[in-house]
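As structure tokens, the structure follows; a few thoughts come after it.
Keep in mind the model is a prediction, meaning the values are calculated, not measured. All values below come from the heavy atoms of this structure, side chains included, with hydrogens, waters and symmetry mates left out.
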Amino acid sequence: MKKIIVAIDSFKGCLTSIEANQAAAAGIGSGDSIQVPVSDGGEGWLEAFHSAMGGEIVEVNVKDPLMRPIVAQYLVQGDTAVIEIAKASGLTLLSPEERNPMVATSYGTGQLVVDTVRKGCKHIIVGLGGSATSDCGIGMLRAIIDACAKHGNIPAGVPTRSHWDDVRELDNVHFTIATDVTNPLCGENGAAHVFAPQKGATHEQVLALDARAKRFAEVSAKHMGRDCQNMPGAGAAGGLGYAFLQYMHAECRSGIELLLDTIHFDDLLQDADLVITGEGSADRQTLMGKLPFGILQRAKRQNIPVMLIAGRIADEQQLLDAGFASVACINPPGLPLEVAMQPEIAKENICRTVMQGKPCMVTTIQPSLS
């Protein structure tokens, strides 16, 4: 009887972490396994924490990145709230034609923050991933000030110290931001240059966004007496990381490390024979702090082999050299992308790949947090 831990990231635009785990478990068969929904702060963050810690999913009427009304969710467990910013400010909320980080706003994320505070939450965990915005969190700050200080719009788009001093309800709230992005706010490695093109920005818009971020950081530093623009994570989610660090005094944590600590992953690993992890596309960037690499590091400490599966594999030797026991692409050669992205096809391919890679007996066991 073997104990296998299945902890696969979502296949973006195709399968959730839970669905990918279930497909892998089906390929293993019956016996002892633990399915662990996982996320590094982006897609599936809310679901992963809900599975790990329980609690209530709360729905809120907010604004999407183009200020259209939508319903978004967050999680409450006791006085702790978990927010996935993509639920209100995510790129998936926009069609490709609508993507424009020059106008996309994080206002809806601010509305989620306000609602958690009004419900009495004192610790807010924020997953920063999948954003459509590059507004340095100005939209989020505007929403908080609109709701809490009732000042209306922030003059010139920048909150002054006198505005922020009126937001008393946040005084005793501790924020933890979760991201594996270490980029600063500005410059060649900053939010605009690295991430805005993925959100629809042209080269000229990237330069304008970066200049806007620099101005905002300079004014914020003068008003707040501190400057967080170069802190690791400031460039996450189009600068939302900066807003949380600068204005909320947030603690920044690795998303996968925070989640693995929450579910006591090291305890789950004890006596395990194998870990199966994966993501939509695996290559050398996987080794730069992405979710499968975080899981690999934990498993290596206990000498447990890790199988990596993905819809696309590149740099296979580098992945093996890093310590993965095996690396497998779930898709047969020549399979068209539009076919591979169909959920049922992806599930079948995960099931088949795992069945061929490590046949054994498996039964789903939910992890305990006690």
Solution key, residues 332-346 side-chain donor-acceptor pairs under 3.5 Å, sequence neighbours excluded:
{"from": "E344", "atom 1": "OE2", "to": "K347", "atom 2": "NZ", "distance (Å)": "3.4"}

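Under a 4.0 Å N-O distance rule, the pair D64/R68 qualifies as a salt bridge. A salt bridge is absent between D180 and R253; no separation between the charged side-chain nitrogens and carboxylate oxygens falls under 4.0 Å.
For residues 39-48, the pairs satisfying side chain to side chain donor-acceptor pair (under 3.5 Å) are E47-K87, with sequence neighbours left out. The ring pair (Phe, Tyr, Trp, His ring centres under 6.0 Å) contacts involving residues 58-96 comprise nothing, where partners must be two or more places apart or lie in separate chains.
Across T116, D79, T176, a single residue satisfies side chain to side chain donor-acceptor pair (under 3.5 Å) together with H123, and that is T176. Between N100 and the options E98, E97, M102, a side chain to side chain contact (heavy atoms under 4.5 Å, CB included) holds for only M102.
A donor-acceptor distance shorter than 3.5 angstrom exists from the side chain of Q111 to the backbone of K63, with no hydrogens or angles considered. K199 places a side-chain N or O within donor-acceptor distance of the main-chain N or O of T133, the cut-off being under 3.5 Å. Listed for the Q229 side chain is no donor-acceptor partner under 3.5 Å among the backbone atoms of A217.
Taking the side-chain hydrogen bond (donor to acceptor under 3.5 Å, both in side chains) definition, one finds that T286 meets it with E279, sequence neighbours left out. Here D271 pairs with nothing under the side-chain hydrogen bond (donor to acceptor under 3.5 Å, both in side chains) rule; sequence neighbours left out. Looking at residues two or more places apart in sequence or on another chain, you find a side-chain contact (heavy atoms from CB on, under 4.5 Å) between R312 and S281, D283, A314.
Between the side chains of N331 and N349, a donor-acceptor pair is found at a separation under 3.5 Å. Using modelled atom types and a 3.5 Å distance limit, the side chains of D135 and S106 yield a donor-acceptor pair. Between the side chains of T109 and S89, at least one donor N or O sits under 3.5 Å from an acceptor N or O. A donor-acceptor contact under 3.5 angstrom links the side chains of Y247 and S220, judged on distance only.
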